[in-house]
**Q** 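Below you will find the structure I want to go over with you.
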Amino acid sequence: MNNRHLRRIAVTASAAAMLPLALTACSGDSETSSSDSGADKAASSAPAKETQPMDEPFGPGCATVPKDGAGSFAGMAQDPVATAASNNPALSTLVTAVKQAGLVDTLNSAENITVFAPTNDAFAKIPKADLDKLLANKAELTKVLTSHVVGEKLTPKQLEKGSFDTLAKTKLTTSGSEMSYTVNDSSKVVCGNVPTANATVYIVDTVLMPAS
């Protein structure tokens, strides 16, 4: 057998030996590509979680806030807190009380505060005789109103389990989560995280009466 014939046999044998390896490599690449494609498809088809941005006002009571004008969220954000509240029809009793106590300038000139603002319905829970008596007593009224004010801007996250000093030197506690919060174990936040020019407002459904 001559050398040329032997060389041909060697080349043929080498090619036959390499063929299974090449087929295995191609099969592996195909399976990997198919697997990656399936994973990508599953990831792209997974539904995205929808969450309420926590930097926006939240709560069922927000539906009563005017959609536009000075009393809207955009309008309130332009004014200091006492002025902003005066443009919201649901806070008219609170505004009357703030004026009666002479606190308009105090609240409007304060910086970076949080106000827990009782609605008209919150004040209506107080018997009329008691409310009239409170409105007539400036010192007591001032104490009640300033017990609704914290000297820093509070985020919803801070309300989950919070304890804060108020301007009345009383303690205010908060609890809750997922946009459902309670203040002093009695008052519910019905519209929270409302911005004004100098304050964050949490509108509540019960007046916070400080301990005597």
Side-chain angles (χ1 to χ4, degrees), residues 51-62 64-65 73 76-77 79-85 88 90-91 93-95 97-98 100-127 130-131 134-135 137-212:
T51 57
Q52 168 98 16
M54 291 305 289
D55 59 347
E56 295 181 1
F58 62 86
C62 293
T64 66
V65 175
F73 290 131
M76 291 178 71
D79 293 319
V81 64
T83 302
N88 188 322
L91 301 177
T93 305
L94 172 63
V95 171
V98 167
Q100 193 79 5
L103 291 174
V104 172
D105 290 340
T106 299
L107 294 177
N108 276 349
S109 61
E111 295 183 3
N112 299 322
I113 59 175
T114 296
V115 177
F116 292 86
T119 62
N120 296 342
D121 289 341
F123 279 100
K125 294 179 181 179
I126 303 173
D130 293 341
L131 180 58
L134 176 63
L135 292 173
N137 186 331
K138 186 175 181 179
E140 187 63 24
L141 181 60
T142 298
K143 182 178 180 181
V144 169
L145 294 176
T146 52
S147 70
H148 291 73
V149 184
V150 174
E152 62 178 302
K153 283 190 176 182
L154 301 178
T155 65
K157 184 69 176 175
Q158 289 176 277
L159 302 190
E160 290 183 0
K161 190 176 181 181
S163 179
F164 312 99
D165 293 325
T166 71
L167 298 191
K169 309 302 181 186
T170 59
K171 191 68 72 175
L172 183 148
T173 60
T174 59
S175 60
S177 63
E178 297 181 354
M179 298 177 288
S180 178
Y181 300 98
T182 302
V183 185
N184 286 1
D185 297 321
S186 61
S187 188
K188 301 290 185 182
V189 174
V190 295
C191 183
N193 209 31
V194 179
T196 71
N198 68 324
T200 298
V201 176
Y202 292 89
I203 300 174
V204 295
D205 67 357
T206 303
V207 177
L208 309 174
M209 302 300 289
S212 302

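What's counted below: heavy atoms across the whole structure, side chains too, no hydrogens, waters or symmetry copies.
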**Q** Quiz question: by atom type and distance under 3.5 Å, do the side chains of Thr170 and Thr166 form a donor-acceptor pair?
**A**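 Thr170 vs Thr166: donor-acceptor pair found between side chains.
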**Q** Check the side chains of Asn108 and Thr83 for a donor-acceptor pair under 3.5 angstrom, ignoring hydrogens and angles.
**A**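 Note: Thr83 and Asn108 side chains meet the donor-acceptor criterion.
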**Q** Taking Gln158 for its side chain and Thr155 for its backbone only, find out whether a donor-acceptor pair lies under 3.5 Å.
**A**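 The answer is yes, because a donor-acceptor pair under 3.5 Å joins these two groups.
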**Q** Which atom names give the shortest non-hydrogen contact between Ser163 and Thr173, and what distance separates them?
**A**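 Closest heavy-atom pair between Ser163 and Thr173: OG-CG2, 4.2 Å.
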**Q** Is the shortest side-chain heavy-atom distance between Leu141 and Leu145 below 4.5 Å?
**A**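 The answer is yes, as the side chains (C-beta and beyond) meet within the 4.5 Å cut-off.
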**Q** Kindly give the heavy-atom pair with the smallest separation between Cys191 and Phe73, and that separation in Å.
**A**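 Scanning both residues, the minimum pair turns out to be SG-CZ, 3.9 Å.
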**Q** Can you sort out the partners of Lys171 under side-chain hydrogen bond (donor to acceptor under 3.5 Å, both in side chains), two or more places apart, ordered by chain and number?
**A**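 side-chain hydrogen bond (donor to acceptor under 3.5 Å, both in side chains) check on Lys171 returns Asp165.
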**Q** Looking at Ser147 and Pro210, what are the two nearest heavy atoms and their distance?
**A**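 Shortest heavy-atom contact: OG-CD, 3.8 Å.
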**Q** Establish, from distance only, whether the side-chain atoms of Lys153 and Thr114 form a donor-acceptor pair under 3.5 Å.
**A**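 Side chains of Lys153 and Thr114: no pair found under 3.5 Å.
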**Q** Between Ile113 and Val150, does a side-chain contact (heavy atoms from CB on, under 4.5 Å) hold up when you go through it step by step?
**A** CA-CA 6 Å; Ile113 59 175; Val150 174; over 6 Å; no
**Q** Can you see which heavy atom on Ala82 is nearest to which on Val104, and at what distance?
**A**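 Ala82 and Val104 have their closest heavy atoms at CB-O, 3.9 Å.
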**Q** Does a side-chain heavy-atom distance below 4.5 Å link Val144 with Met209?
**A**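 They are in side-chain contact.
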**Q** Is any side-chain heavy atom of Leu154 closer than 4.5 Å to one of Leu159?
**A**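 Of all side-chain heavy-atom pairs linking Leu154 with Leu159, at least one is under 4.5 Å.
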**Q** Restricting to salt bridge (charged side-chain N to carboxylate O under 4.0 Å, His left out), what partner residues turn up for Glu160, sequence neighbours left out?
**A**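 Only Lys157 meet the salt bridge (charged side-chain N to carboxylate O under 4.0 Å, His left out) criterion with Glu160.
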**Q** Hey, are the side chains of Asn88 and Met76 touching, using non-hydrogen atoms and a 4.5 Å cut-off?
**A**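 With C-beta onward as the side chain, the pair touches.
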**Q** Would a 4.5 Å heavy-atom cut-off, applied to side chains only, mark Ile203 and Val189 as touching?
**A**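 SC-SC contact between Ile203 and Val189 ruled out.
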**Q** Please name the pair of heavy atoms, one in Leu91 and one in Thr119, separated by the smallest distance, quoted to 0.1 Å.
**A**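 Closest pair (atom of Leu91, atom of Thr119, distance): CD2-CA, 4.1 Å.
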**Q** Decide side-chain contact (heavy atoms from CB on, under 4.5 Å) for Asn184 and Leu172; before the verdict, give the C-alpha distance in whole Å, the side-chain angles of both, and the deciding distance to 0.1 Å.
**A** CA-CA 6 Å; Asn184 286 1; Leu172 183 148; 3.9 Å; yes
**Q** Would a distance-only check, ignoring hydrogens and angles, find a side-chain to backbone donor-acceptor pair under 3.5 Å from Asn112 to Glu152?
**A**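 Between the backbone of Glu152 and the side chain of Asn112 there is no qualifying donor-acceptor contact (under 3.5 Å).
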**Q** State, yes or no, whether a side-chain contact exists between Asp121 and Asp205 at a heavy-atom distance under 4.5 Å.
**A**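 Answer no - side chains too far apart.
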**Q** For residues 188-207, pull every pair meeting ring-ring contact (aromatic ring centres under 6.0 Å, His included), keeping only residues two or more places apart or in separate chains.
**A**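 Every pair satisfying ring-ring contact (aromatic ring centres under 6.0 Å, His included) with a residue in residues 188-207: Phe116-Tyr202.
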**Q** Could you tell me whether a side-chain N or O of Asn198 sits under 3.5 Å from a main-chain N or O of Leu107, the two making a donor and an acceptor?
**A**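 Yes: the side chain of Asn198 pairs with the backbone of Leu107.
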**Q** If you apply the rule side-chain contact (heavy atoms from CB on, under 4.5 Å), what do you find for Asn193 with Thr200, and how did you get there?
**A** CA-CA 6 Å; Asn193 209 31; Thr200 298; 3.8 Å; yes
**Q** Are any of the side-chain heavy atoms of Ser177 and Pro156 separated by less than 4.5 Å?
**A**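 No - every pair of side-chain heavy atoms lies 4.5 Å or more apart.
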**Q** Could you walk me through whether Thr146 and Lys169 pass the side-chain contact (heavy atoms from CB on, under 4.5 Å) test, one step at a time?
**A** CA-CA 9 Å; Thr146 52; Lys169 309 302 181 186; over 6 Å; no
**Q** State whether the number of non-hydrogen atoms from other residues, nucleotides or ligands found under 6.0 Å of Asp105 atom CG is greater than 12.
**A**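 No.
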**Q** Looking at every heavy atom in both Phe123 and Pro118, which two are closest together, and how far apart are they?
**A**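 That would be CE1-CB, 3.8 Å.
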**Q** Would you say Lys125 and Thr206 are linked by a side-chain donor-acceptor pair, where the criterion is simply a distance under 3.5 Å?
**A**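 Yes, a side-chain donor-acceptor pair sits under 3.5 Å.
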